[in-house]
Novice: 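Would you mind keeping the following structure in view while I ask a few things?
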Amino acid sequence: LQKLIHLLQATDDPLIQEQVLITLGNSAAFSVNQDIIRNLDGLSIIGGMLSNCIPKVIEKALNALNNLSMNIKNQEEIQVYITQVCRNVESAPLNSGLQLAGLRLLTNMSVTSDYHHKMVNSIPCFLHLLAEGTERTQIQVLKVLVNLSANPAMARHLLRAQV
């Protein structure tokens, strides 16, 4: 894992970045590896890939962060990327893999109400995706909206959102 994280940091080749992110994401399926990746500063290195200009690299970074977000300590670090993930979801092509990957991560990050406030500005986008997206997109958006709606403090934002 350490060598993969170092390789991700050292290369500018998008094909290598994609493959490393896929491998890190698959490794994160095991809880022991989630801790190891966090302790190796892997979350910030993977999070840094969200600024990449290659959509496939961003998508793979979102998938890796999604798998890593199953851990409360990891969520504490990943939460700094929520605003950027929301922007990625909003700017991604409708129903794209990148958009779905972002929505999956937001679903995990919205299971508890700790980070709901970071998603408030994206509620109109979520409602737009609910109206315009394919069934797969709609399901992912609904998961985020259900999580947000479980928080009474979000009711006002959900009900006042301009669609």
Side-chain angles (χ1 to χ4, degrees), residues 1 4-5 8 14 17-35 37-38 42-151 154 157-158 161:
L1 291 174
L4 287 169
I5 291 167
L8 186 59
Q17 290 171 337
E18 277 186 64
Q19 291 305 308
V20 170
L21 288 165
I22 290 168
T23 304
L24 287 170
N26 290 341
S27 299
F30 303 98
S31 57
V32 67
N33 290 342
Q34 293 174 9
D35 293 331
I37 292 169
R38 182 184 64 252
L43 296 176
S44 66
I45 294 165
I46 295 169
M49 295 284 112
L50 298 178
S51 299
N52 198 296
C53 57
I54 310 290
K56 281 291 184 189
V57 172
I58 298 169
E59 179 183 340
K60 300 308 186 257
L62 288 167
N63 288 334
L65 289 173
N66 181 49
N67 288 348
L68 288 160
S69 72
M70 300 298 195
N71 173 315
I72 295 294
K73 287 184 179 178
N74 285 357
Q75 281 193 3
E76 291 171 5
E77 290 191 32
I78 293 170
Q79 60 93 15
V80 302
Y81 302 108
I82 289 175
T83 304
Q84 187 170 6
V85 173
C86 288
R87 280 195 307 265
N88 287 341
V89 167
E90 291 176 29
S91 65
L94 183 63
N95 307 313
S96 63
L98 192 153
Q99 191 171 63
L100 289 166
L103 288 168
R104 282 191 296 270
L105 176 56
L106 292 174
T107 299
N108 283 348
M109 295 301 294
S110 64
V111 169
T112 65
S113 61
D114 296 345
Y115 311 115
H116 286 181
H117 63 282
K118 293 182 176 240
M119 299 179 204
V120 167
N121 292 334
S122 294
I123 291 173
C125 171
F126 298 152
L127 294 172
H128 170 75
L129 294 177
L130 187 59
E132 299 296 324
T134 61
E135 186 176 328
R136 285 179 57 186
T137 301
Q138 291 172 333
I139 289 169
Q140 284 308 135
V141 170
L142 281 172
K143 289 177 181 182
V144 175
L145 290 171
V146 165
N147 288 345
L148 295 177
S149 71
N151 179 356
M154 294 300 292
H157 301 290
L158 290 165

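Everything quoted here is computed from the prediction, not taken from an experiment. Numbering starts at 1 and runs along the sequence shown.
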Novice: Closest approach of L21 and A61, non-hydrogen atoms and distance?
Specialist: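 Shortest heavy-atom separation between L21 and A61 comes out as CD1-N, 3.7 Å.
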Novice: Quick one, I58 and L62 - any side-chain contact, counting heavy atoms below 4.5 Å?
Specialist: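 In contact.
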Novice: If you count the non-hydrogen atoms of other residues, nucleotides and ligands that lie under 6.0 Å from CG in D114, is the total more than 12?
Specialist: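 Result for CG/D114: enclosed.
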Novice: Test of understanding: with salt bridge (charged side-chain N to carboxylate O under 4.0 Å, His left out), list the residues that count as partners of R104, not counting sequence neighbours.
Specialist: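 Listed in chain order: nothing, the list is empty.
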Novice: Restricting to pairs with a member in residues 71-80, which pass salt bridge (Lys or Arg N to Asp or Glu O under 4.0 Å), not counting sequence neighbours?
Specialist: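 Pairs touching residues 71-80 that pass the test: none.
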Novice: Taking distance alone, no hydrogens or angles, what donor-acceptor pairs closer than 3.5 Å link side-chain atoms of residues 130-137 to residues at least two apart or in another chain?
Specialist:
from	atom 1	to	atom 2	distance (Å)
T134	OG1	N95	OD1	3.4
T137	OG1	N95	OD1	2.7

Novice: Any chance you could measure L24, atom CG, to N63, atom CG, to the nearest 0.5 Å?
Specialist: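 Answer for the CG-CG pair, L24 versus N63, is 12.0 Å.
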Novice: Do you know the tightest heavy-atom contact between N67 and G25?
Specialist: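 What the structure gives for the nearest pair is ND2-O, 2.7 Å.
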Novice: Applying side-chain contact (heavy atoms from CB on, under 4.5 Å), run through M109 and M119 and close with a yes or a no.
Specialist: CA-CA 10 Å; M109 295 301 294; M119 299 179 204; 4.1 Å; yes
Novice: Under the side chain to side chain donor-acceptor pair (under 3.5 Å) criterion, do N52 and Q17 qualify, and how do the steps go?
Specialist: CA-CA 10 Å; N52 198 296; Q17 290 171 337; 3.1 Å; yes
Novice: Would V57 and K60 count as a side-chain contact (heavy atoms from CB on, under 4.5 Å) if you check the C-alpha gap in whole Å, the side-chain angles of each, and the deciding distance to 0.1 Å?
Specialist: CA-CA 5 Å; V57 172; K60 300 308 186 257; 5.9 Å; no
Novice: If you round to the nearest 0.5 Å, how far is CG of L98 from CD1 of I54?
Specialist: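 If I round to the nearest 0.5 Å, the distance is 12.0 Å.
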Novice: Looking at side-chain heavy atoms only, is the closest gap between S110 and H116 below 4.5 Å?
Specialist: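 A side-chain contact under 4.5 Å exists here.
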Novice: Check side chain to side chain donor-acceptor pair (under 3.5 Å) between N108 and all other residues, then give those that pass, not counting sequence neighbours.
Specialist: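 Side chain to side chain donor-acceptor pair (under 3.5 Å) list for N108, sorted by chain: N66, S69.
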Novice: H157: what forms a side-chain contact (heavy atoms from CB on, under 4.5 Å) with it, not counting sequence neighbours?
Specialist: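 Expected list: V120, I123, M154.
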Novice: Quick one: does V141's side chain get under 4.5 Å of Q138's, heavy atoms only?
Specialist: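 Result no, sub-4.5 Å side-chain heavy-atom pair not found.
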Novice: Nearest 0.5 Å, what's the CG-OG1 distance between N151 and T112?
Specialist: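 With rounding to 0.5 Å, CG (N151) is 9.5 Å from OG1 (T112).
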Novice: Nearest 0.5 Å please: distance from the CD1 atom of I72 over to the CD atom of Q34.
Specialist: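 The CD atom of Q34 is 10.5 Å from CD1 of I72, to the nearest 0.5 Å.
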Novice: Provide the closest heavy-atom pair for S149 versus L158 in the form atom of the first, atom of the second, distance.
Specialist: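 Shortest heavy-atom separation between S149 and L158 comes out as CA-CD1, 3.6 Å.
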Novice: Once you round to the nearest 0.5 Å, how far does CG of L105 lie from CG of L68?
Specialist: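 It is 9.5 Å, given to the nearest 0.5 Å.
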Novice: So, taking the atom named OG in S27 and the one named CD1 in I5, what distance separates them when rounded to the nearest 0.5 Å?
Specialist: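 Spacing of OG (S27) from CD1 (I5) equals 9.5 Å.
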Novice: Is the count of non-hydrogen atoms from other residues, nucleotides or ligands lying under 6.0 Å from K56 atom NZ greater than 12?
Specialist: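 No, NZ of K56 has 12 or fewer neighbouring heavy atoms, counting only those of other groups under 6.0 Å.
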Novice: Would you mind writing out the side-chain donor-acceptor pairs for residues 80-90 within the sub-3.5 Å range, not counting sequence neighbours?
Specialist:
from	atom 1	to	atom 2	distance (Å)
Q84	NE2	L50	O	3.3
Q84	NE2	S51	OG	3.2
E90	OE2	S122	OG	2.7

